[in-house]
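Take a look at the structure below.
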Amino acid sequence: MKEGWKELPIGAIIKEAGSSIKFETGDWRTRKPVLNKEKCINCLFCWVFCPDSSIIVENGEMKGFLYSHCKGCGICAEECPVKAIEMVKEEV
Ligand code: SF4
Ligand code: SF4
């Protein structure tokens, strides 16, 4: 059966103004990117396109993801020219 929005887990509840400082965007992710280093050609397209600055780059090489900020949008996986990033379901 295909999942709908009713099957998604509740990520966070805002009970007071300004409480967003207590949460990170990674808290409400339902899917996460996983890197296949064998395929990666270090073009850094994922770094350019990530809206949350969650691609870790060291010495010009793609090293992985900052999961505390990555919201699981999947843009990096879509833009990767060699399909080195797979989006996988988060385990609850
Ligand atoms: S877009 Fe793909 S190939 Fe390019 S650095 Fe990112 S993971 Fe590697
Ligand atoms: S899934 Fe979205 S937020 Fe996470 S690393 Fe990829 S582009 Fe950035």
Side-chain angles (χ1 to χ4, degrees):
M1 183 183 85
K2 190 176 175 191
E3 283 190 348
W5 65 270
K6 289 179 181 173
E7 281 71 51
L8 293 174
I10 296 172
I13 298 171
I14 307 297
K15 294 181 176 176
E16 59 193 76
S19 63
S20 62
I21 198 168
K22 298 176 185 171
F23 298 93
E24 302 211 75
T25 43
D27 291 345
W28 40 267
R29 183 181 56 239
T30 57
R31 296 184 309 149
K32 71 176 181 182
V34 174
L35 175 66
N36 182 335
K37 282 185 184 281
E38 304 282 313
K39 287 186 179 179
C40 178
I41 57 173
N42 288 306
C43 66
L44 303 186
F45 274 22
C46 52
W47 178 79
V48 171
F49 282 98
C50 175
D52 284 314
S53 301
S54 298
I55 304 294
I56 300 169
V57 176
E58 288 173 14
N59 298 321
E61 283 188 21
M62 198 305 199
K63 292 291 185 183
F65 307 93
L66 183 63
Y67 285 121
S68 57
H69 284 171
C70 166
K71 64 188 173 196
C73 66
I75 291 174
C76 54
E78 281 295 318
E79 296 298 335
C80 177
V82 293
K83 300 298 173 202
I85 300 173
E86 181 187 2
M87 297 302 293
V88 300
K89 189 175 179 180
E90 281 282 358
E91 299 300 325
V92 186

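Bear in mind the structure is a predicted one, so any value in this text is a computation, not a measurement. Read the numbers this way: they start at 1 and go in the same order the structure lists the ligands and their atoms.
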What atoms of ligand 1 come within less than 4.0 Å of a heavy atom belonging to [X]?
X	value
Leu35	7 (S)
Val82	3 (S)
Ile85	7 (S)

Beyond-backbone contact of Thr25 with His69, side-chain heavy atoms, under 4.5 angstrom: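 Sidechains of His69 and Thr25: in contact.
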
For residues Lys71 and Pro51, determine if any side-chain heavy atom of one lies less than 4.5 Å from a side-chain heavy atom of the other. yes

So how far is it from Ile55 CD1 to Lys63 NZ, rounded to the nearest 0.5 Å?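 These two atoms lie 14.0 Å from each other.
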
What distance do Cys80 atom SG and Ile75 atom CD1 have between them, rounded to the nearest 0.5 Å? 14.0 Å

Mind running side chain to side chain contact (heavy atoms under 4.5 Å, CB included) on Cys70 and Arg29 for me, showing each step along the way? CA-CA 7 Å; Cys70 166; Arg29 183 181 56 239; 3.8 Å; yes

Give the intermediate values and the outcome of side chain to side chain contact (heavy atoms under 4.5 Å, CB included) for residues Asn42 and Met62. CA-CA 6 Å; Asn42 288 306; Met62 198 305 199; 3.6 Å; yes

Ile85-Val57 co-clustered via ILVMFWY side chain contacts under 4.5 Å: yes

Side chain or backbone of Ile55 under 4.0 Å from ligand 1, or both, or neither, by non-hydrogen atoms? neither

Just let me know how Ile41 lines up against ligand 1, side chain, backbone, both or neither, with a heavy-atom cut-off below 4.0 Å.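 Near ligand 1, Ile41 shows its backbone as well as its side chain.
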
With a cut-off of 6.0 Å (strictly less than), are more than 12 heavy atoms of other residues, nucleotides or ligands near NZ of Lys89? no

Step through the shown structure and confirm whether more than 12 heavy atoms of other residues, nucleotides or ligands are within 6.0 Å of CD on Glu24.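 Correct, the count exceeds 12.
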
Could you identify which residues cluster with Leu66, counting Ile, Leu, Val, Met, Phe, Trp and Tyr as linked when any side-chain heavy atoms lie under 4.5 Å apart, either directly or through a chain of such contacts? Ile56

Among all protein heavy atoms, pick the one closest to [atom] and tell me residue, atom and distance.
atom	value
atom 5 (S) of ligand 1	Leu44 N, 3.2 Å
atom 8 (Fe) of ligand 1	Cys40 SG, 2.4 Å
atom 6 (Fe) of ligand 1	Cys46 SG, 2.4 Å
atom 2 (Fe) of ligand 1	Cys80 SG, 2.3 Å
atom 4 (Fe) of ligand 1	Cys43 SG, 2.4 Å

Check whether NZ of the Lys or CZ of the Arg Lys32 lies under 6.0 Å from the centre of the six-membered ring of Tyr67 and within 45 degrees of that ring's axis. yes

Quick check on contacts: which atoms of ligand 2 are under 4.0 angstrom from a heavy atom of Phe65? 5 (S)

With 2.8 Å as the limit, count the protein N, O or S atoms near atom 2 (Fe) of ligand 2. 1

